[in-house]
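Everything on this sheet refers to the single structure shown next.
In the text below, chain A, chain B and the rest are named by the order of the sequence lines, each starting its count at 1.
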Amino acid sequence: MEIRLDPSVTPLDLNHTLGCGQVFRWAREGDWWYGVAGGKALKIGLFGDRLRFQASPTGGDTSHFVGRYFRLDDDLPLIASEINRDEHIDAALQAFHGLRIVRQEPWECLVSYACATYKNIPAVKGMIHSLSRRFGERITLEGRPFHAFPRPEDLAGADPKELRECGLGFRAGRILEIAGLVAEGEFDPEGLRGADCEAARRRLMSLPGVGPKVADCVLLFSLDRLDAFPVDIWVRRIVLESYPDHFEQSFIEKVLNRKSITPGEYREIGSFARRYFGRYAGYAQEYLYHYKRSSKTISISLSRPSDY
DNA sequence: ACATCCCCTTAGCC
DNA sequence: AGGCTAAGGGGAT
C-alpha cells in the first residue's frame, strides 16, 4: 500500500522522525524502517513522493492508521513558520526538514517514558523491546517475529522480578503499579485526551514514576498537546544557552550548575518556551533536542536485533 | 583494562 | 520552596 505525499505540503523524513529518539520501537534496514505500532508490525519506506508500507496482521485501514501515526494531518510548513523565531531553531528546522512528531498510543507512551527516567535512549529501547518480547503478542511480518507492546493486563499480572529482568530496575514497581491502575480501569490514559490540559497533566503526575517531564512527554507524543514542552537535561542546556536573554543570569548559572532542577525552574523554562514559540512549542522542543544531540552524538546503532 | 560519569528524572527526606 | 540523595545497569569517555 502507499500514500502519495506532496513534499511542499506534507514534508516527511522517516529517518529524522523515527530516529530522533521520540519513539523506541523502530529500526532501519536499508531503505525501510521496521517497527511495531498500534498492535501491528509495520514496514515503511519513503520513495520520492510515495510512502509505501505493509502491515501485519492485515485488516483495518492501514493507510488511515499510518496517516494518524505520522500526524500527516499536521500542517508542518505552517508549524515550522510559526516556531521559526531565530537562527537556532531555523538551523534545526533546516537540518531536520520533515521531522514530525508521531502520535503514539497513550498507554505505550506512558510506560515508555516512565521507563526512560534516568536512562539513555538505547537502554530504553532495550527495556521496551524486552517487555514486548516477553509480555506482548507475537506477530509475524515477512516471516520474521515481532511483538506488540503488552496490554495493561499483561503487565499488571507480571512478577516484579520478571520486569527487572527486562532491565527496568527500580522502575519495575512503578510500572507494575501503573499497569494495575490502568488494567482495573482506575486510570484511563486514552481518556485524558478529552480532559483539560492542566487536569490531564495533574492526573498523569498522580501516577508513581511520573513527574513533570514524563507527563509532558505523554501529552506531547500521545495526547495531541503540541504546546507541551518536556524539559530534560538537554533541553534545559539548549534553552538556557541559546536564549540567555530571556532569563536572569543568576538563574542560568544556578540551573546549569546543578544536576536536577526544581519544579519551579522546570515551569519557568516551559512557560518561556510556550510564550516564545507559541502553540507548537513541542515541535520546537523536538527539533532543538535532535539538533543538539545529533551534533554531539556520533553513535549509530549497527546492531540488528533478531526480532522486535 | 579500569574508573568514572552520564543517562530525554522521580520520590522521599529535611 | 528548594536542596540533597538514592536508584539498575549499560554505554561513553
Side-chain angles (χ1 to χ4, degrees), chain A residues 16-26 92 96 99 101-102 104 108-131 160-178 201-202 204-222 228-240 248 250-251 253-270 273 281-303 305:
Chain A
H16 298 151
T17 297
L18 297 174
C20 73
Q22 62 175 323
V23 275
F24 304 104
R25 300 228 58 200
W26 292 87
F96 299 114
L99 188 164
I101 286 177
V102 303
Q104 301 181 39
E108 175 172 349
C109 189
L110 171 60
V111 174
S112 298
Y113 280 93
C115 284
T117 295
Y118 211 63
K119 276 284 186 188
N120 54 31
I121 291 171
V124 181
K125 285 185 174 170
M127 286 189 271
I128 301 305
H129 180 229
S130 303
L131 281 177
K161 184 164 155 281
E162 280 192 281
L163 294 190
R164 273 190 279 273
E165 283 167 8
C166 293
L168 271 66
F170 63 88
R171 299 162 199 79
R174 299 170 176 176
I175 297 302
L176 212 46
E177 212 174 316
I178 293 172
R201 200 161 180 276
R202 272 197 302 277
L204 286 164
M205 287 177 61
S206 73
L207 295 169
V210 181
K213 157 55 169 71
V214 174
D216 283 337
C217 286
V218 177
L219 291 168
L220 176 61
F221 298 126
S222 74
F229 194 85
V231 180
D232 58 59
I233 182 106
W234 293 91
V235 172
R236 186 205 324 177
R237 279 185 213 137
I238 294 162
V239 169
L240 296 181
E248 297 283 342
S250 59
F251 178 85
E253 282 170 19
K254 190 173 57 171
V255 173
L256 284 182
N257 285 330
R258 265 183 334 199
K259 222 176 148 191
S260 60
I261 55 174
T262 67
E265 290 159 353
Y266 185 100
R267 221 175 8 257
E268 184 160 347
I269 294 171
Y283 260 100
Q285 189 268 8
E286 211 49 26
Y287 275 89
L288 291 171
Y289 174 79
H290 192 40
Y291 187 62
K292 188 74 170 186
R293 279 185 54 95
S294 64
S295 62
K296 302 223 171 187
T297 314
I298 313 143
S299 77
I300 291 168
S301 176
L302 297 174
S303 64

(Q) Within the 4.0 Å heavy-atom criterion, would you say K259(A) contacts the bases, only the backbone, or no part of the nucleic acid? (A) base

Of the listed nucleotides ([options]), which one gets closest to any side-chain atom of [X]?
| X | options | value |
| --- | --- | --- |
| N120(A) | dG10(C), dT9(B), dG3(C) | dG10(C) |
| V214(A) | dT10(B), dC8(B), dG8(C) | dT10(B) |
| F170(A) | dC8(B), dG2(C), dA7(C) | dA7(C) |
| T117(A) | dG3(C), dT10(B), dC8(B) | dT10(B) |
| S260(A) | dT10(B), dG8(C), dC8(B) | dT10(B) |
| Y118(A) | dT9(B), dC8(B), dG3(C) | dT9(B) |
| P212(A) | dG2(C), dC7(B), dT10(B) | dT10(B) |

Q: Measure across V218(A) and L110(A) and return the closest heavy-atom pair with its distance rounded to 0.1 Å.
A: CG2-CA, 3.7 Å

Within the side chain of [X], is there an N or O that forms a donor-acceptor pair under 3.5 Å with the backbone of [Y]?
| X | Y | result |
| --- | --- | --- |
| Q22(A) | V102(A) | yes |
| R171(A) | C115(A) | yes |
| Y287(A) | L99(A) | yes |

Q | Inter-nucleotide C1' distance (dG3(C), dC8(B)), Å rounded | A | 23 Å

Q: Could you work out the separation of dC6(B) and dT5(C) based on their P atoms and round it to a whole Å?
A: 15 Å

Q | For dG8(C), glycosidic torsion class - syn if within 90° of 0, otherwise anti | A | syn

Q) Aromatic rings F96(A) and H16(A): how do their planes relate, parallel, tilted or perpendicular, breaks at 30° and 60°? A) perpendicular

Q: Starting from the 5' end of DNA chain B, give me the residue, G209(A) or K119(A), whose nearest nucleotide shows up first.
A: K119(A)

**Q.** Residues that A228(A) engages under side chain to side chain contact (heavy atoms under 4.5 Å, CB included), provided they are two or more places apart
**A.** D216(A), L219(A), L220(A), R225(A)

**Q.** Paired stretches of DNA chain C - 3 or more consecutive Watson-Crick or G-U pairs, each distance under 3.5 Å
**A.** B:3-7 with C:9-13, B:9-14 with C:2-7

